[in-house]
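These numbers were taken from a predicted model, which means no experiment stands behind them.
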Amino acid sequence: MRQRFEQQTTMGITPVSAVKFPLRSRDELPPVLKALQYIFVTPELNKKIFALLEKKVCNGKKKTGRPGMSLWHILVLSVVRHTLDTNWDRLEHLSNYDILIRKILGVHMETFIEGKGKEFAYQTIVDNVSMIDEELLYNINALVIEHGQKLLKKKEKKEDEALQLKTDSYVLQTNVHFPTDLNLLWDALRKGLDTVRKLQQETNLEGWRKMKLIYRKTKSIFRKTSQQVFRGKKEKQKKQFVQQYLNEAKKLEQRFSFILLNPPSGKNIKKIVALIMELHSYNGYVKKLIGLTERRLLGGEKIEASEKIYSIFEPHTEWIQKGKHFPSVELGHLLLITTDQHQFIVDYKVMENERDASQVGALLERLQNNFAGQKIYSHSFDKGFFSKENYASLRQSQVENIVLPKKGKLNAEEKERESNKTFKALRNAHSAIESNINMLEHHGLNRCADRGLDGCKRYVGLSVLAYNLHIMGNHLIAVERKKEEERQKQRYRYHCRVA
């Protein structure tokens, strides 16, 4: 039975609402934990967020049985991982030994009390955090933005302040190496051999006694072929080595196919079936990559982008060229983000085989749904988003000032529009989104560490949530620091009067 959080406070454990934070630390963690504390102690926000988590994590499950990790622990640990841009191993260490994190989790035992308090196992953390999905995170982010904007508007005494939006995209890299036909084929072959080795341990599979020799021989041919293709000068010699490598790959492909047609038997049927399916997947990549390598390196054919594979581990990876000098090519997905004047990320999307100019219509629709009835003073883009249709869509929306620079030569009307003082000021201010992107990259979104497209989208949502909580936490700590400075001044004045 999973609970929202521990209802009964244990003796010796500091309540989450009473946790104190360093007010002058420059580290990323204290502001984010301060924002999480604000969520915990704010009934309106707390109720909505836990209702979303409960619906996703506990839906359709019995309310009996062993207590699982509480929803509060899942939320805190998932956000901490992305705040520090760290891995699961370090997160396990922090959850068990970092005092400030354990206080926010509500499990830290004071030193005079016997016992260490609750501890978190590595696999427990991984399994529970993985229950969160993209849709849930998008909804939680919307709630955080709504309350964060209210806090900052209250501070600036601008309750009816209109939104000033900026939109841009950058490449979120997937966790892959640079692909070539040769090393992708080697990846597929070695993973196929690894799977056969596991099948040997579980079944009566025969004919693979010289597994180490096969592995070593294939790797040696791959390395020699790579050296010839990328460093050699004689074209004929290159093709000879490629043909030798492909012949070895075809032999292994035939042997993998024989196993698939005549699957071995064993006691652990479920594991054997899983391994057979895994081998089927890797053998499919071997067949495809043999064909691509023959066509390109032996036949001199130019392969269409739609046919290419950039990773057998992250097949959703895209080859992206954004016109930059360095790096000229990036492997991953374009990530679209929209920020407001308070630096909150109010909208984001992982693009799948899409480019900037195709996103404006859907973006405007999402913004109208999320900020219905709220004025939008300005919305700025860069030239990559320009098209006549996009400009017309923005004109029809409720945006007062549209900053969408045109590509190429301008006519008289466009020159007049882009030379306007307001247009120039907002276009210059648009560059602030680059610092938001840099900050987001430091919250884990430089290279995605999770696997699969769904894992990538969840990773993005958690990093954006950590970023937005950081912005909110900075404000909360600044308010608390100002109050503390005022108290110190009052104490100083009191001591001066007494003296």
Side-chain angles (χ1 to χ4, degrees), residues 5-50 72-73 75-77 79-80 83-84 94-95 97-113 117 143-161 340-344 432 435-436 439 442-443 465-499:
F5 46 83
E6 192 64 43
Q7 306 291 335
Q8 184 67 40
T9 305
T10 308
M11 187 177 69
I13 290 181
T14 307
V16 174
S17 57
V19 177
K20 301 294 181 185
F21 295 89
L23 300 180
R24 298 192 179 278
S25 173
R26 296 177 63 184
D27 191 65
E28 298 95 340
L29 193 57
V32 174
L33 295 180
K34 179 68 177 173
L36 285 167
Q37 185 192 49
Y38 175 81
I39 290 173
F40 192 87
V41 301
T42 307
E44 183 188 354
L45 185 56
N46 176 308
K47 187 177 179 182
K48 289 179 180 177
I49 287 179
F50 279 116
W72 176 243
H73 293 161
L75 179 64
V76 172
L77 291 175
V79 168
V80 166
T83 300
L84 300 176
L94 292 170
S95 65
Y97 300 104
D98 187 283
I99 293 173
L100 190 57
I101 292 174
R102 287 181 65 78
K103 282 183 177 180
I104 285 295
L105 288 166
V107 297
H108 176 65
M109 301 286 286
E110 298 296 341
T111 53
F112 59 85
I113 302 292
L143 291 171
V144 169
I145 292 160
E146 181 187 347
H147 282 260
Q149 287 178 339
K150 284 179 182 176
L151 280 172
L152 285 146
K153 285 177 183 178
K154 193 174 179 181
K155 172 195 171 187
E156 297 169 4
K157 298 179 181 179
K158 296 179 180 178
E159 296 298 331
D160 298 325
E161 184 183 19
D340 66 3
Q341 65 269 37
H342 305 299
Q343 315 311 318
F344 286 113
S435 65
N436 301 139
M439 184 176 171
H442 282 83
H443 283 294
L465 178 59
Y467 169 95
N468 284 330
L469 289 172
H470 194 167
I471 299 294
M472 182 193 283
N474 281 338
H475 166 69
L476 293 168
I477 283 182
V479 170
E480 197 169 316
R481 186 167 59 239
K482 193 173 180 181
K483 288 179 181 177
E484 181 61 29
E485 288 170 357
E486 193 60 40
R487 284 193 290 268
Q488 287 178 359
K489 286 178 183 178
Q490 287 176 1
R491 283 196 294 268
Y492 175 75
R493 286 195 292 267
Y494 171 77
H495 287 306
C496 285
R497 283 199 303 269
V498 170

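Rounding to the nearest 0.5 Å places CD1 of I477 at 11.5 Å from NE2 of H475. Rounding to the nearest 0.5 Å places CG of L143 at 9.0 Å from CD of E44. To the nearest 0.5 Å, the span separating CD1 on I49 from CG on L75 amounts to 6.5 Å. Rounded to the nearest 0.5 angstrom, L94 CG and I99 CD1 are separated by 12.5 Å. Rounding to the nearest 0.5 angstrom, the gap separating the OG1 atom in T83 from the CG atom in L36 is 7.5 Å. In this structure, CD in Q343 is found 9.0 Å from CE in M439, a value given to the nearest 0.5 Å.
Nearest heavy-atom pair across H443 and Y467 is CD2-CA, 4.0 Å. The minimum heavy-atom distance linking P22 with L100 is given by the pair CD-CD2, 4.4 Å. The minimum heavy-atom distance linking V16 with I104 is given by the pair CG2-O, 3.4 Å. Residues A466 and V79 share a closest heavy-atom pair of CB-O, 4.0 Å. Across all their heavy atoms, L476 and K34 have their closest contact at CB-CG, 3.8 Å.
For the pair Q37 (side chain) and V19 (backbone), a donor-acceptor distance under 3.5 Å is present. At distances below 3.5 Å, at least one donor-acceptor pair connects side-chain atoms of H73 with backbone N or O atoms of L105. Formation of a donor-acceptor pair under 3.5 Å by the N46 side chain with backbone atoms of F40 is found in this model.
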Pair E480, L23 - check side chain to side chain contact (heavy atoms under 4.5 Å, CB included), show working.
CA-CA 8 Å; E480 197 169 316; L23 300 180; 3.8 Å; yes
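Using a cutoff of 4.0 Å between basic side-chain nitrogens and carboxylate oxygens, K482 and E486 are not scored as salt-bridged. Using a 4.0 Å cut-off between a side-chain N of Lys or Arg and a carboxylate O of Asp or Glu, R487 and E484 qualify as a salt bridge.
Remark: K103 engages no residue in a salt bridge (Lys or Arg N to Asp or Glu O under 4.0 Å) (not counting sequence neighbours). When the side chain to side chain contact (heavy atoms under 4.5 Å, CB included) test is applied to S435, no partner is found at least two apart in sequence or on another chain. Not a single side-chain hydrogen bond (donor to acceptor under 3.5 Å, both in side chains) links R491 to another residue, sequence neighbours left out. Looking at residues two or more places apart in sequence or on another chain, you find no side-chain hydrogen bond (donor to acceptor under 3.5 Å, both in side chains) involving R493. Residues passing the side chain to side chain contact (heavy atoms under 4.5 Å, CB included) test with A35, sequence neighbours excluded: L469, M472.
Applying the salt bridge (Lys or Arg N to Asp or Glu O under 4.0 Å) definition to pairs two or more places apart or across chains, those involving residues 15-30 are R24-E485.
With a 6.0 Å radius and a threshold of 12 heavy atoms from other residues, nucleotides or ligands, H147 has its NE2 atom above the threshold.
Residues I471 and H342 have side chains not in contact (no heavy-atom distance under 4.5 Å, counting atoms from C-beta outward). A 4.5 Å side-chain heavy-atom check between I101 and L33 finds at least one atom pair inside the cut-off. Counting heavy atoms from C-beta on, the side chains of Q341 and E161 come closer than 4.5 Å.
Between F50 and W72, the angle of the ring planes lies from 30° to 60°, which puts this pair in the tilted group.
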